[in-house]
Number of protein chains: 2
Amino acid sequence: MVRAGLTAERVTVAGAELADDVGLDHVTMSQVARRLGVKDASLYTHVRGLEDLRGRIALLAADEKTIRIAEATAGRAGKDALVAFANAWREYAHQHPGRYMATQTPIQIDPELAAEAPGPRRAVELTYSMLRGYGLAEPDLTDAVRLLRSTFHGFVALEAAGGFAHERSPQQSWIRALDALHTLLEHWPPFREGDSS
Amino acid sequence: MVRAGLTAERVTVAGAELADDVGLDHVTMSQVARRLGVKDASLYTHVRGLEDLRGRIALLAADEKTIRIAEATAGRAGKDALVAFANAWREYAHQHPGRYMATQTPIQIDPELAAEAPGPRRAVELTYSMLRGYGLAEPDLTDAVRLLRSTFHGFVALEAAGGFAHERSPQQSWIRALDALHTLLEHWPPFREGDSS
DNA sequence: ATTGTTTTCCTAGGGCCCCTAGGTTAAAAC
DNA sequence: GTTTTAACCTAGGGGCCCTAGGAAAACAAT
């Protein structure tokens with residue numbers, strides 16, 4: 001019997017494809033094995049188990065998303081960069097819903113594995129450098145990064161969950177949201193004493 | 001043998017408690033049955049299955065969250081209302097992580113069931129009325145509502161997924177985000193022809 | 001080429017879970 | 001009190017996760 005040539009990476013990719021096809025929580029060891037033409041027990045040589053696989057899918061997605069964003073924002077600045085960044089984010093989520101959802105799982109990824117995945121760290125760096133043009137300084141910079149990430153993620157998550165039932169197209173709201181965020185970054189409110197919880 | 005007095009609602013609540021305790025994707029029919037002192041097969045009289053149960057937990061969470069927000073914003077206006085709204089949202093997510101996560105599942109809830117759940121609809125109404133003071137008109141109003149919901153949801157989702165690893169406390173970023181959104185709403189950018197995707 | 005070593009993939013099987021079918025018996029309706 | 005309804009049960013099939021241990025392919029070394 002010829003070997004299938006499995007790898008942790010090949011198993012992860014198969015899981016990611018399956019996640020995009022049938023939804024993340026229908027990704028099972030058995031299905032992934034079937035897709036690879038292998039018995040489920042064979043996967044455990046390459047992957048610790050289902051949780052580990054999901055963690056690997058999440059890291060794969062983070063890396064891929066980061067690469068897309070880096071390509072999209074290369075050579076751009078200001079609002080151009082903001083829009084390119086945001087659109088790359090959203091398009092990745094649309095194209096790879098299962099992978100994207102994997103990134104939302106409460107943190108339980110093998111730290112050793114996460115350490116060698118450049119995606120998450122690089123994503124934050126990209127966001128910071130995209131904001132360079134707006135002239136923000138710490139801690140406002142961190143706050144702005146978090147606000148942007150929250151809005152981008154929240155929008156696509158609500159979109160995916162069917163949260164935008166109103167007749168107005170999400171696309172239009174998205175464009176306006178980016179407009180709004182741009183002007184917000186240009187007029188970032190100064191910190192004032194006495195702000196309460 | 002005395003009856004346990006089950007109800008679709010009691011099953012849902014048990015599932016919701018379990019979700020908050022052990023995480024949504026460890027909510028199983030068997031565990032819920034065990035928590036209610038009943039065999040798993042007995043649940044199927046009240047609930048169609050696991051998917052149905054998850055949908056019911058999601059609707060329960062939506063209703064509860066809406067009530068919290070309504071209480072928190074009652075009698076408030078302007079930034080006061082915005083902050084109260086947002087904090088109620090975030091605190092609900094913190095207190096009921098499992099329930100909250102249930103609301104994120106891609107839409108597959110029984111429409112008949114959803115129709116009689118006031119939560120989601122009322123939540124949108126509350127958001128609209130909270131924004132009344134900012135003087136926005138459609139379609140800006142819808143866009144603003146969507147932006148706010150995206151940011152609130154995105155923030156708590158990233159927070160829950162461990163996305164804010166930086167040293168700065170999420171709480172501080174949250175306060176600044178609300179400041180920023182408030183000023184944004186006060187200076188909502190006018191629509192200009194020629195905005196591109 | 002042969003032998004030994006490593007690693008891949010297998011079969012077997014235990015345990016948990018989802019869900020259905022069909023039977024009892026408690027509660028409600030009359 | 002009898003009948004009807006509905007709650008809860010036992011039994012069981014099939015799927016999934018994962019471990020243990022075996023067979024054989026690929027690799028190393030002579």
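Below, chain A is the first sequence line, B the second, and so on; all start at residue 1. Predicted model only: the values in this text are computed from it and were never measured.
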Close N/O contacts between protein and nucleotides 18-21 of chain D (under 3.5 Å):
| unit_1 | atom_1 | unit_2 | atom_2 | d |
| --- | --- | --- | --- | --- |
| dC18(D) | OP2 | Y44(A) | OH | 3.1 |
| dC18(D) | OP2 | L50(A) | N | 2.8 |
| dC18(D) | N4 | D40(A) | OD2 | 3.4 |

When you check the phosphate oxygens OP1 and OP2 of dC17(D), does a side-chain N or O of R54(A) lie under 4.0 Å from one of them?
no

Point-to-point distance, once rounded to the nearest 0.5 Å, from CG of D80(B) to OG1 of T73(B):
11.0 Å

May I have the list of side-chain donor-acceptor pairs in residues 5-12 of chain A shorter than 3.5 Å, sequence neighbours left out?
| unit_1 | atom_1 | unit_2 | atom_2 | d |
| --- | --- | --- | --- | --- |
| R10(A) | NH1 | A4(A) | O | 3.0 |
| R10(A) | NH1 | G5(A) | O | 3.3 |
| T12(A) | OG1 | A8(A) | O | 2.7 |

Close aromatic pair by centroid cut-off 6.0 Å: H94(B) and Y100(B)
no

Near DNA chain D, counting only heavy atoms under 4.0 Å, which residues of residues 11-20 of chain A show up?
none

Quick one: is dC18(C) close enough that its OP1 or OP2 comes under 4.0 Å of any side-chain N or O from S30(B)?
yes

Whether the S173(A) and R146(B) side chains hold a donor-acceptor pair (N or O, under 3.5 Å, no angle test) is what I'd like checked.
yes

Establish, with yes or no, whether the OP1 or OP2 oxygen of dC10(C) is under 4.0 angstrom from a side-chain nitrogen or oxygen of S42(A).
yes

Whether the side chain of T103(B) engages the backbone of R99(B) through a donor-acceptor N/O pair (distance < 3.5 Å, no angle test) should be reported.
no

Are H46(B) and dC8(D) close enough that a side-chain N or O sits under 4.0 Å from OP1 or OP2?
yes

State whether a side-chain donor-acceptor pair under 3.5 Å links S129(A) with E125(A).
no

Lys/Arg-Asp/Glu bridge criterion (N-O < 4.0 Å) met for K79(B), D179(B)
yes

Partner of D52(B) by side-chain hydrogen bond (donor to acceptor under 3.5 Å, both in side chains), out of R54(B), R48(B), R56(B):
R56(B)

